Amino acid sequence: MHNTEIPSVRLHTGVTMPGIGLGTWQMTDFEVESLIPLAVELGYRLIDTAAFYGNEYGVGRGVRAADTPRNELFITSKVNGIDQGYERTLRGFDASLSRLGLDYLDLYLIHWPMPMRGLYVDTWRAFARLQAEGRIRAIGVSNFASEHLDRLRTETGIVPAVNQIQLSPPIPQELWRAYAAEHDIVIQSWSPLGQGGGLLKKAAINRVAARHHKSAAQVVLRWHLDQGVVPIPKSSNKDRLTANLDVFDFQLAPDDFTDIATLAGTAVAMDPHTVEQD
Ligand code: A2P
């Protein structure tokens with residue numbers, strides 16, 4: 001058993017959130033149901049799912065099977081594209097909670113802005129109501145560009161606590177991180193390891209890893225943490241789940257950041273202006 005004490009970050013609403021979490025995209029109900037109790041045993045406290053992932057039922061079963069009280073876990077889900085709009089969001093939220101078998105969420109996110117549908121401000125108003133009713137502890141967004149965040153701020157006066165974006169050394173998202181810093185929004189990074197594979201084989205990452213006697217994945221996760229970003233790596237393997245939490249005993253140096261910065265721009269991010277999701 002791994003006894004890592006995970007540092008927390010504080011959201012602008014005062015809610016504290018674990019500083020690293022477990023992503024579950026592309027995992028089935030069956031997989032997450034057994035993986036979550038293991039991950040919680042290893043020290044994970046933040047579990048990230050979405051209506052779109054189709055695994056909320058398994059996430060709920062995994063959370064209930066875990067040997068940790070619900071109030072020590074931090075469960076995130078996201079409203080599906082098809083459920084955007086005020087009324088539909090309220091119904092979509094109820095459906096997510098019922099699949100999860102939970103009576104509240106710690107964090108609920110708008111999954112993609114889908115600006116061509118023009119519904120994300122109405123969706124956000126429904127989020128604010130659900131938060132006021134005590135059914136969500138913190139509300140945020142995912143894949144929002146600065147202009148989408150501007151609309152939420154100016155039209156509702158409510159700033160998202162979190163923006164969860166695709167972020168990794170090849171996709172450093174400097175503009176959106178600067179916006180988040182200015183408005184006290186915490187950035188979570190999805191696919192923080194660049195979905196495994198190529199990024200972890202890059203010479204620049206492995207040079208830094210050798211200097212710290214850490215693995216490539218641990219260096220990439222540290223790159224997120226050292227910039228105040230909350231990564232949600234996924235793994236279905238016990239050793240890698242463990243390794244991904246063993247990142248709180250070192251820090252990157254300026255030279256490490258310089259090496260890793262050479263990878264910026266070597267991958268293309270999904271574009272929130274055009275992504276549609278049903
Ligand atoms: P696996 O589930 O076999 O561990 P991301 O979170 O960026 O999407 O990356 C997830 C991918 O990275 C998965 O394919 C996962 O594979 C792999 N992965 C997760 N942790 C590690 C690690 N510590 N070392 C190598 N690969 C990893």
Side-chain angles (χ1 to χ4, degrees), residues 2 4 6 18-50 52-55 58-59 62 74 76-78 109 111-112 142-143 162-173 176-177 187-210 212-227 229-250 252 256 260 263-264 266-270 275 277:
H2 201 274
T4 303
I6 297 173
I20 189 167
L22 177 69
T24 66
W25 182 39
Q26 291 172 326
M27 290 187 195
T28 64
D29 275 323
F30 182 72
E31 287 170 314
V32 290
E33 181 175 345
S34 55
L35 191 71
I36 288 173
L38 170 65
V40 171
E41 187 191 333
L42 295 172
Y44 287 84
R45 291 294 175 267
L46 189 168
I47 312 290
D48 182 274
T49 183
F52 186 74
Y53 299 170
N55 63 15
V59 167
F74 191 100
T76 303
S77 192
K78 314 183 191 82
L109 306 176
H111 204 148
W112 287 91
S142 185
N143 304 301
V162 168
N163 189 13
Q164 183 186 114
I165 58 176
Q166 183 179 13
L167 172 60
S168 61
I171 304 170
Q173 307 279 33
W176 295 350
R177 279 198 280 140
I187 294 284
Q188 286 184 336
S189 45
W190 64 263
S191 286
L193 302 173
Q195 298 178 25
L199 172 61
L200 302 181
K201 295 197 177 72
K202 295 283 186 196
I205 301 286
N206 283 285
R207 265 198 308 277
V208 177
H212 290 277
H213 307 290
K214 287 284 182 179
S215 72
Q218 288 170 324
V219 160
V220 173
L221 292 172
R222 199 63 239 175
W223 177 88
H224 292 267
L225 296 166
D226 282 341
Q227 300 180 93
V229 169
V230 175
I232 45 169
K234 59 182 167 294
S235 178
S236 39
N237 169 280
K238 182 176 181 182
D239 291 343
R240 290 191 282 279
L241 282 171
T242 304
N244 293 351
L245 282 192
D246 185 16
V247 291
F248 296 103
D249 59 351
F250 75 114
L252 300 185
D256 300 329
I260 295 172
L263 298 173
T266 58
V268 178
M270 290 177 77
V275 169
Q277 177 195 66

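In listed order, ligands and their atoms are each counted from 1. Computed from a prediction, not measured in an experiment: that's the story for all the values here.
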| Pro37: what forms a side chain to side chain contact (heavy atoms under 4.5 Å, CB included) with it, not counting sequence neighbours? | Ala65
| said: Given a heavy-atom cut-off of 4.0 Å, could you list the residues near ligand 1 in chain and number order? | reply: Ser191, Pro192, Leu193, Gly194, Gln195, Gly196, Leu200, Ala217, Pro233, Lys234, Ser235, Ser236, Arg240, Asn244
| Sequence-distant partners of Gln195, side chain to side chain contact (heavy atoms under 4.5 Å, CB included), two or more places apart | Trp25, Trp190, Ser191
| request: Taking the side chain as every heavy atom from C-beta outward, state whether Pro233 and Ile20 have any atom pair closer than 4.5 Å. | output: yes
| Contact check, side chains of Ile205 and Trp223, non-hydrogen atoms, under 4.5 Å | no
| message | According to side chain to side chain contact (heavy atoms under 4.5 Å, CB included), who are the partners of Gln26, at least two apart in sequence or on a separate chain? | response | Lys234
| request: Classify the ring geometry between Phe250 and His212 as parallel (under 30°), tilted (30 to 60°) or perpendicular (over 60°). | output: tilted
